[in-house]
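See structure below.
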Amino acid sequence: MHDIRLIRDNPAGFDAGLARRGLEPLSADIAAQDAQWRSVATELQEGLARRNEASKAIGAAMGKGDTATAEALKAEVAALKTRMPELEAQEKALAEAVQTRLAAIPNLPAADVPEGPDETANVEEHRWGTPRRFNFEPQDHADFGPSLGLDFEAAAAMSGARFAALRGQMARLHRALAQFMLDTQSGSNGYTEVNPPLLVRDDAVYGTGQLPKFAEDLFRTTTGHWLIPTAEVSLTNLVREQILTEADLPIRFTALTPCFRSEAGAAGRDTRGYIRQHQFEKVELVAICTPEQAIDEHAHMVQSAQGILEALELPYRRVLLCSGDMGFSATKTFDLEVWLPSQGVYREISSISTCGEFQARRMNARYRPEGEKGTRFVHTLNGSGLAVGRTLVAVLENYQNEDGSVTVPAVLVPYMGGITKLAPQA
RNA sequence: GGAGAGGUGGCUGAGUGGUCGAAAGCACCGCACUCGAAAUGCGGCGUGCCCUCGCGGGUACCGUGGGUUCGAAUCCCACCCUCUCCGCCA
């Protein structure tokens with residue numbers, strides 16, 4: 001959510017930011033709507049002021065027992081009030097129109113975000129690890145996975161496309177990955193482990209920015225709840241409508257949760273394999289901090305996510321997203337992409353964004369700066385640390401052997417009860 | 001799901017139709033006292049929005065949304081949430 005004052009004060013700057021996102025200028029339109037609202041609001045307030053004045057006089061007259069004066073004043077106010085309902089309705093409609101307008105505008109890119117229309121303009125910043133040289137043709141996990149317990153067929157029979165069941169060693173490996181990630185993030189990386197709600201109300205999803213624009217990407221229950229598409233929603237909303245103490249910041253949360261996405265706009269993309277599912281697990285990282293802390297928190301979050309890939313010895317690269325490829329609420333985003341040998345490409349496995357006060361405004365999440373009066377909006381950040389399903393795919397593909405087995409990464413062996421290899425089950 | 005109680009400022013908590021943005025206490029800030037601190041005393045201290053160059057003025061806000069009234073924290077309706085008891089349940 002943008003501050004209307006910023007648009008009033010610097011319309012050109014606002015439109016320039018939108019242009020970097022590939023959007024048409026909106027400031028003139030919004031400013032006009034806003035001016036109209038203010039004029040109506042002022043007129044309404046003047047009417048209310050006169051009414052309040054007269055009502056006080058009525059109270060005073062009645063206190064003195066002067067019924068005649070009181071009755072005369074009552075008649076006067078009644079006449080004065082005839083125009084009020086209309087003005088009130090107008091004011092409300094105009095205020096809502098401006099709000100609705102603002103709520104649908106994405107965050108503006110930070111100054112150091114490269115400009116570009118789509119992912120082709122993203123900038124690779126860092127590369128870690130060397131893709132393994134196979135002395136055989138590396139296979140697609142969708143091909144050799146099923147014999148290791150990755151069951152698409154049975155899941156499709158009960159749930160349809162984009163669902164999978166993990167069995168036996170495969171389920172264990174998935175759990176090991178999740179546990180390892182959660183332990184690491186809640187340990188030395190300093191994120192407080194949370195087990196949050198997976199079903200949330202409109203306000204929460206609006207707060208993080210998935211609503212109102214992206215309802216079609218979400219699942220909704222018959223009770224009107226939304227299934228979270230990411231724990232970013234639950235973790236960030238942990239501070240909604242709160243006034244935090246500066247000394248408590250930064251606050252870091254992590255959670256291992258299922259995520260639910262309808263993938264409405266992804267028809268035909270990644271239909272094979274375990275890359276794009278309606279339901280997947282993810283270890284999420286969220287930070288709530290002051291504006292001054294945000295850059296360091298972002299760096300720390302990136303480190304926290306990269307650390308997982310490095311511990312698993314999975315080659316990856318870090319990409320700074322260009323203005324046109326960022327999500328709705330982000331002002332700056334790094335993606336981590338892991339090497340998938342079967343496709344010979346790096347695929348997104350984590351997205352780490354700083355949102356400035358964009359989400360905080362929507363959630364009304366503030367803090368009280370020390371030695372300053374009043375409150376300020378917090379900054380919010382979120383990132384995957386990591387997507388468990390996609391990490392499983394990366395492990396399977398990078399650690400595959402010619403005989404169809406998969407070596408368990410060393411760091412996971414303790415989580416596997418000593419199992420060092422997934423072997424095909426005929 | 002049923003019955004009951006309740007949601008008031010950063011916190012605790014008064015207030016059941018008018019002069020209530022709201023008593024009191026705590027917390028916080030300033031001043032006094034003190035070598036300094038504590039204790040004590042005095043004063044200050046909510047937020048959003050609109051108008052104004054500014055001083056300042058106006059308006060809204062007592063869970064949320066409607067309604068009654070000249071006037072609503074206070075009365076009415078709906079909803080949300082919390083607590084207690086009962087039922088059910090992993």
Side-chain angles (χ1 to χ4, degrees), chain A residues 1-9 30-103 195-207 221-226 234 237-249 251 258 288 290 357 360-378:
Chain A
M1 177 68 75
H2 293 284
D3 187 351
I4 183 74
R5 279 171 297 197
L6 266 151
I7 300 172
R8 280 181 207 150
D9 296 347
I30 293 170
Q33 258 182 329
D34 175 53
Q36 201 189 350
W37 167 70
R38 280 193 287 169
S39 125
V40 172
T42 302
E43 192 182 342
L44 173 66
Q45 286 187 8
E46 281 164 0
L48 289 170
R50 270 178 278 144
R51 184 205 67 185
N52 288 346
E53 202 182 349
S55 287
K56 266 187 187 170
I58 291 169
M62 288 178 64
K64 278 187 269 179
D66 186 351
T67 333
T69 306
E71 287 306 319
L73 280 166
K74 275 191 199 181
E76 197 183 316
V77 176
L80 198 107
K81 270 200 353 170
T82 52
R83 224 175 109 60
M84 290 285 107
E86 189 200 333
L87 270 178
E88 264 170 24
Q90 256 188 56
E91 188 274 340
K92 200 177 160 189
L94 287 167
E96 259 171 36
V98 174
Q99 284 303 104
T100 304
R101 202 67 187 284
L102 287 176
N195 190 309
L198 308 178
L199 267 50
V200 298
R201 282 207 292 244
D202 291 4
D203 288 351
V205 191
Y206 176 88
T221 70
T222 53
T223 56
H225 288 95
W226 302 93
S234 309
N237 276 282
L238 245 23
V239 299
R240 69 174 293 117
E241 285 156 43
Q242 285 185 41
I243 299 174
L244 304 163
T245 305
E246 180 170 12
D248 293 340
L249 303 177
I251 295 173
I288 312 295
T290 69
E357 57 179 47
R361 272 181 190 284
R362 292 172 160 250
M363 295 188 304
N364 198 24
R366 295 164 293 167
Y367 75 102
R368 212 175 277 288
E370 276 164 39
E372 227 178 90
K373 61 176 174 184
T375 56
R376 292 162 74 189
F377 289 110
V378 295

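Note: hydrogens, waters and symmetry copies are ignored here, and every other heavy atom, side chains too, is used. Naming convention: chains lettered A, B, ... in sequence-line order (proteins, then strands); numbering from 1 in each chain.
Remark: the backbone N or O of A247(A) is not paired with any side-chain donor or acceptor of T245(A) at under 3.5 angstrom. At least one donor-acceptor pair under 3.5 Å links the side chain of R240(A) to the backbone N or O of D203(A). S39(A) contributes no side-chain N or O that, together with a main-chain N or O of A35(A), makes up a donor-acceptor pair within less than 3.5 Å. With R361(A) contributing its side chain and H2(A) its backbone, the two residues share no donor-acceptor pair below 3.5 Å.
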Is there a side-chain contact (heavy atoms from CB on, under 4.5 Å) between R101(A) and Q33(A) once you walk through the steps? CA-CA 10 Å; R101(A) 202 67 187 284; Q33(A) 258 182 329; 3.1 Å; yes
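Between the C1' atoms of A72(B) and A60(B), the separation comes to 14 Å (whole Å). Nucleotides C75(B) and C88(B) place their C1' atoms 37 Å apart, quoted to the nearest Å. For the P atom pair drawn from G21(B) and A27(B), the interatomic distance equals 28 Å after rounding to whole Å. Here the separation of U34(B) from C26(B), taken at their P atoms, is 24 Å to the nearest Å. With both ends at atom P, the span from G65(B) to C45(B) equals 28 Å, rounded to whole Å. Between U8(B) and G1(B), the distance separating the two C1' atoms is 31 Å to the nearest Å. Spacing between U19(B) and U74(B) at atom C1', rounded to whole Å, works out to 16 Å. G7(B) and G63(B) are spaced 6 Å apart, taking the C1' atom of each and rounding to whole Å.
If you check G21(B) for Watson-Crick or wobble pairing at under 3.5 angstrom, you find it has no partner at all. When both pairing distances are held under 3.5 Å, G46(B) makes a Watson-Crick or G-U pair with C61(B). Within the shown strands, nothing qualifies as a pairing partner of A39(B) under the Watson-Crick or G-U definition with both distances less than 3.5 Å. Base pairing of C83(B): its partner is G4(B), meeting the Watson-Crick or G-U wobble criterion (both donor-acceptor distances under 3.5 Å). Applying the Watson-Crick and G-U wobble criteria (two distances, each under 3.5 Å), U68(B) pairs with nothing in any strand. Applying the Watson-Crick and G-U wobble criteria (two distances, each under 3.5 Å), A73(B) pairs with nothing in any strand. The pairing partner recorded for C26(B) is G10(B), the criterion being a Watson-Crick or G-U wobble arrangement whose two distances lie under 3.5 angstrom.
The nearest whole Å value for the distance from the CD atom in E88(A) to the C1' atom in G66(B) is 12 Å. Summarising the geometry, the separation between CG on N364(A) and C1' on U64(B) is reported as 15 Å, rounded to the nearest angstrom. Look at CZ on R201(A): it is 5 Å from P on C81(B), rounded to the nearest Å. Spacing between atom NZ of K56(A) and atom P of U19(B) amounts to 7 Å, rounded to whole angstrom units. Between D202(A) atom CG and U64(B) atom C1' the separation is 14 Å, expressed in whole Å. Regarding E241(A), its CD atom lies at a distance of 19 Å from the P atom of G7(B), rounded to whole Å. Taking atom NZ of residue K92(A) and atom C1' of nucleotide U64(B), one finds them 12 Å apart after rounding to whole Å. Between L73(A) atom CG and G71(B) atom P there is a gap of 13 Å when expressed in whole angstrom units.
Place R368(A) and D3(A) on RNA chain B by their nearest nucleotides, and R368(A) ends up nearer the 5' end.
In this structure, L48(A) CG and E43(A) CD are separated by 11.0 Å, a value rounded to the nearest 0.5 Å. Annotation: the span from I7(A) atom CD1 to L102(A) atom CG amounts to 5.0 Å, rounded to 0.5 Å.
Residue K74(A) has its side chain nearest to C70(B) when only C70(B), C80(B), G66(B) are considered.
A salt bridge links E71(A) to K74(A): at least one charged side-chain nitrogen sits closer than 4.0 Å to a carboxylate oxygen. Checked for salt-bridge contact, D3(A) and R5(A) meet the test: a charged N lies under 4.0 Å from a carboxylate O.
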So if I define the base as every atom that isn't primed, P, OP1 or OP2, how would nucleotides 50-60 of chain B read as a B/S/- string at a heavy-atom cutoff under 4.0 Å? BS------BSS
